[in-house]
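Here the structure is a predicted model, which means the values were calculated and not measured.
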Amino acid sequence: MNYEEFINNKKHLIGEFGFNPKWIPEIAFDFQKHGIEKACLRGRNANFYDTGLGKTLIQLSIAYNIVLHTNKKVLLPTPLAVAFQFIQEAEKIGIDDIEYSKDGRHTKKIVVCNYERLHLFEASDFDGIVLDESSILKNFDGKIKAQVTSFAKKIKYRQLSTATPSPNDFIELGTSSEVLGYM
């Protein structure tokens, strides 16, 4: 690898990647529909909704819209013990092209995994990433923050979602912006 290739590997994929959503679940409330539309139109977005406002439904809807738009895969990293909640919620809203992977192997278009297993996946397999509980990025020197940032930098569609953002925490704003490719 020459120096120019080395530098290009460090760069984030930049550009405008927004698109019109093709599907919104009938059970979504108006504010959820608006959030899904906004996130798809931006292509890269931070979705900060308080506890109990249906972040899982919103995240799954965004992921499914990315799949419908690109016909490619979307990775949905979550904290430990949350993955099965996504599978159950997907079933409720009619998304069946979803699976939970513990070992990096996947056959479905939406793949749910734990942050601790992200190293088992190849970023080039995915056109979208939807991070659950993205407040995990708060720690500037954190191992998971570095791993997620490196993993996401060449993925077109990037979404962050958390109920616990720290809006006045400049470190978290910076790390979130970095993962989204805006910083």
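Legend: residues meeting side-chain hydrogen bond (donor to acceptor under 3.5 Å, both in side chains) with Y157, ordered by chain and number and at least two apart, are H69. Taking the side-chain hydrogen bond (donor to acceptor under 3.5 Å, both in side chains) definition, one finds that K73 meets it with H106, sequence neighbours left out. The side chain to side chain contact (heavy atoms under 4.5 Å, CB included) test applied to A39 returns N45, N47, I62, Q159, not counting sequence neighbours. Applying the side-chain hydrogen bond (donor to acceptor under 3.5 Å, both in side chains) criterion to D103, with sequence neighbours excluded, gives S101, R105. In this structure, the salt bridge (charged side-chain N to carboxylate O under 4.0 Å, His left out) partners of K92, at least two apart in sequence or on a different chain, are E89. Under the side-chain hydrogen bond (donor to acceptor under 3.5 Å, both in side chains) criterion, Q85 pairs with T56, not counting sequence neighbours.
A28 approaches L57 most closely through the heavy-atom pair CB-CD2, 3.9 Å. For A46 against L180, the heavy-atom pair with the smallest separation is N-CD1, 4.1 Å.
Between atom NZ of residue K108 and atom CG of residue D97 there is a gap of 6.0 Å, rounded to the nearest 0.5 Å. Between the CG atom in L60 and the CD1 atom in I93 there is a gap of 5.0 Å [rounded to 0.5 Å]. Here N65 contributes atom CG and T70 contributes atom OG1; the two are 10.5 Å apart, rounded to the nearest 0.5 Å. Rounding to the nearest 0.5 Å places CD of Q59 at 6.0 Å from CG of L76. The CD1 atom of I66 sits 13.0 Å away from the CG atom of N71 when rounded to the nearest 0.5 Å. Taking CD1 of I144 as the start and OH of Y115 as the end, the distance is 8.5 Å to the nearest 0.5 Å.
Under the salt bridge (charged side-chain N to carboxylate O under 4.0 Å, His left out) criterion, no residue pair touches residues 46-67, with sequence neighbours excluded. Note on residues 28-38: no pairs pass side-chain hydrogen bond (donor to acceptor under 3.5 Å, both in side chains), not counting sequence neighbours. For residues 78-102, every residue pair satisfying the ring pair (Phe, Tyr, Trp, His ring centres under 6.0 Å) rule, not counting sequence neighbours, is listed here: F84-Y100.
Between the side chain of K109 and the backbone N or O of V74 there is no donor-acceptor pair closer than 3.5 Å. The main-chain N or O of K145 is found under 3.5 Å from a side-chain atom of T149 such that the two form a donor-acceptor pair. At distances below 3.5 Å, at least one donor-acceptor pair connects side-chain atoms of R158 with backbone N or O atoms of K153.
Side-chain contact between E99 and V111: present, with at least one pair of heavy atoms (C-beta onward) separated by less than 4.5 Å.
The number of heavy-atom neighbours closer than 6.0 Å to CG of N2, taken from other residues, nucleotides and ligands shown, is above 12. No more than 12 heavy atoms of other residues, nucleotides or ligands lie within 6.0 Å of CZ in F29, so this atom counts as exposed by the packing criterion.
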When you look at L160 and R44, which way does the side-chain contact (heavy atoms from CB on, under 4.5 Å) test go after all the steps? CA-CA 8 Å; L160 307 182; R44 295 179 181 176; over 6 Å; no
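Y49 is connected to I27 through a chain of hydrophobic side-chain contacts under 4.5 Å among Ile, Leu, Val, Met, Phe, Trp and Tyr, so both are in one cluster.
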Under 3.5 Å donor-acceptor pairs involving side-chain atoms of residues 117-130, not counting sequence neighbours:
unit_1: R117; atom_1: NH1; unit_2: K102; atom_2: O; d: 2.9
unit_1: H119; atom_1: ND1; unit_2: E116; atom_2: O; d: 3.3

Show which side-chain atoms of residues 18-26 pair as donor or acceptor with protein atoms under 3.5 Å away, not counting sequence neighbours.
unit_1: K22; atom_1: NZ; unit_2: L68; atom_2: O; d: 3.4

